[in-house]
Amino acid sequence: MTETGQRTRLGPQPVERCPRADSSIRLTSSTVQMKMDLMILITGATGAVGRPLVHELARAGHKVRALTRTPATAGLPPEVEVARTEDLPLNGVTSIFMNPAVFWNGLGDLLTRAVENRVRRVVLLSSLAAAAPPNPIGAHHLEFENQIEASGLEWTFLRPGAFAANTLQWADQIRADGVVRGPYADAHTAPIDERDIAAVAAKALTTDAHIGTKPLLTGPESLTNADQARIIGETLGRPVRYEEISPEAAREAMTGGFAPAEVVDALLSMYAAAVNTPAEVLRTVEQITTNPPRTFKTWTTANISQFQQIGIATNSA
């Protein structure tokens, strides 16, 4: 399930402590040994965050064990060890990147096994909703956070807001007639490129600077749903518009799929609260990675094939 922590007005301080990380690490013999000693387990390794995270860690020379339900078709770098999610092999693992979508029905004995296997650290893909007033989405992620904190393992809880990839749910409508039909056209979010979440996760997994922190992550701009539809159209080279429907119609459509009713209601409430209210934009991604977060236009350009009609090329550069 894609992370859905939309926006809410939060305090000005994005993390409990968030030192600026080094943009480059000298490959001394001790650094090389550290990389050799690490085995990083990535759950949800073919997901929107997991895949770029696996690639980033592999490029940096870290040992990675990537978990997926379909190892034969994972398409990950050849130097990466790929295993089945159901097996959850923890032998030799020092750090875990945990995607709650993989554990929707609970963690089971994972944390107990992690302690028994001398895993040191868990980096959790949490949600900005966990920092908001009580809501089912935030409560779900807070439950994971509390269990991990109680385990005695080192931890970092990444709390991103709306994923840019949330707009992929519009792809069929855009391909069909260029009209996105959804609720609250003027609701603001600050969509974050999943590659930026992965970059922050890589720092949290491979350095000690962010142990015990809960960084709040956003994209670099506040955009309405209508803005995002327009930008997708600009990248496609043809008009795309957002046509607002009633919250009741949206709820019926959303609950008719796979989303639980309480999650749908929480999302609609977040959208309603965000109408004509610019989303808070935080600098946490740049503070941690030293690179500015990617714009929604950059994300759209990288993913434009998902919105294209078959056989029609985009006019964007």
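Considering all non-hydrogen atoms of both residues, Thr156 and Pro215 come closest at CG2-CD, 4.0 Å. Minimum interatomic distance between Ile197 and Leu158 (heavy atoms only, all atoms of both residues): O-CD1, 4.2 Å. The shortest non-hydrogen separation linking Pro191 to Thr189 is CD-O, 3.3 Å. When all heavy atoms of Ser222 and Val281 are compared, the pair lying nearest together is N-CG2, 3.9 Å. Residues His141 and Leu125 approach most closely at CD2-O, 3.9 Å, considering heavy atoms. Across all their heavy atoms, Ala266 and Pro136 have their closest contact at CB-CD, 3.6 Å.
Judged by distance alone, with hydrogens and angles left aside, the side-chain atoms of Asn135 form a donor-acceptor pair with the main-chain N or O of Ile137 at under 3.5 Å. Proximity of a side-chain donor or acceptor of Thr289 to a complementary backbone N or O of Val200 within less than 3.5 Å is not detected. For the pair Thr207 (side chain) and Ala204 (backbone), a donor-acceptor distance under 3.5 Å is absent. A distance-only check finds no donor-acceptor pair linking the side chain of Thr255 to the backbone of Ala261 [under 3.5 Å]. At distances below 3.5 Å, at least one donor-acceptor pair connects side-chain atoms of Ser246 with backbone N or O atoms of Ala249. No donor-acceptor distance shorter than 3.5 angstrom exists from the side chain of Glu154 to the backbone of Ile211, with no hydrogens or angles considered. Checking side-chain atoms of Thr46 against main-chain N and O of Arg51 turns up no donor-acceptor pair under 3.5 Å.
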In sequence, state the C-alpha distance, the side-chain angles, and the governing distance for Asp208 and Lys203, and then conclude on salt bridge (Lys or Arg N to Asp or Glu O under 4.0 Å).
CA-CA 8 Å; Asp208 294 338; Lys203 293 289 188 183; over 6 Å; no
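Note on Lys297 versus Glu221: no salt bridge recorded, every NZ/NE/NH1/NH2 to OD/OE distance being 4.0 Å or above. Using a cut-off of 4.0 Å between Lys/Arg side-chain N and Asp/Glu carboxylate O, Arg181 and Glu243 are scored as salt-bridged.
A continuous path of Ile, Leu, Val, Met, Phe, Trp and Tyr side chains, each step under 4.5 Å between heavy atoms, connects Val115 with Ile96, placing both in one hydrophobic cluster.
No side-chain donor-acceptor contact under 3.5 Å links Thr167 and Gln228. Under 3.5 Å, the side chains of Trp299 and Glu194 contain a donor-acceptor pair of N or O atoms. Side-chain polar atoms of Thr224 and Asp227 form a donor-acceptor pair below 3.5 angstrom. A donor-acceptor contact closer than 3.5 angstrom is absent between the side chains of Thr277 and His188. No side-chain donor from either of Thr298 and Thr301 sits under 3.5 Å from a side-chain acceptor of the other.
Here salt bridge (Lys or Arg N to Asp or Glu O under 4.0 Å) pairs that include residues 88-98, with residues two or more places apart or in two chains, number zero.
Atom CG of residue Asn276 and atom OH of residue Tyr184 lie 12.5 Å apart, to the nearest 0.5 angstrom.
Annotation: Glu79, atom CD; neighbour count of heavy atoms from other residues, nucleotides and ligands within 6.0 Å is above 12. At most 12 heavy atoms of other shown residues, nucleotides or ligands fall within 6.0 angstrom of atom CZ in Arg118.
Between Phe307 and Trp170, the ring center distance fails the sub-6.0 Å criterion.
Two residues are said to be in side-chain contact when any heavy atoms from C-beta on lie closer than 4.5 Å; Phe157 and Glu149 meet this criterion.
Residues that satisfy the ring pair (Phe, Tyr, Trp, His ring centres under 6.0 Å) test with His140, not counting sequence neighbours, are Trp104, Phe144.
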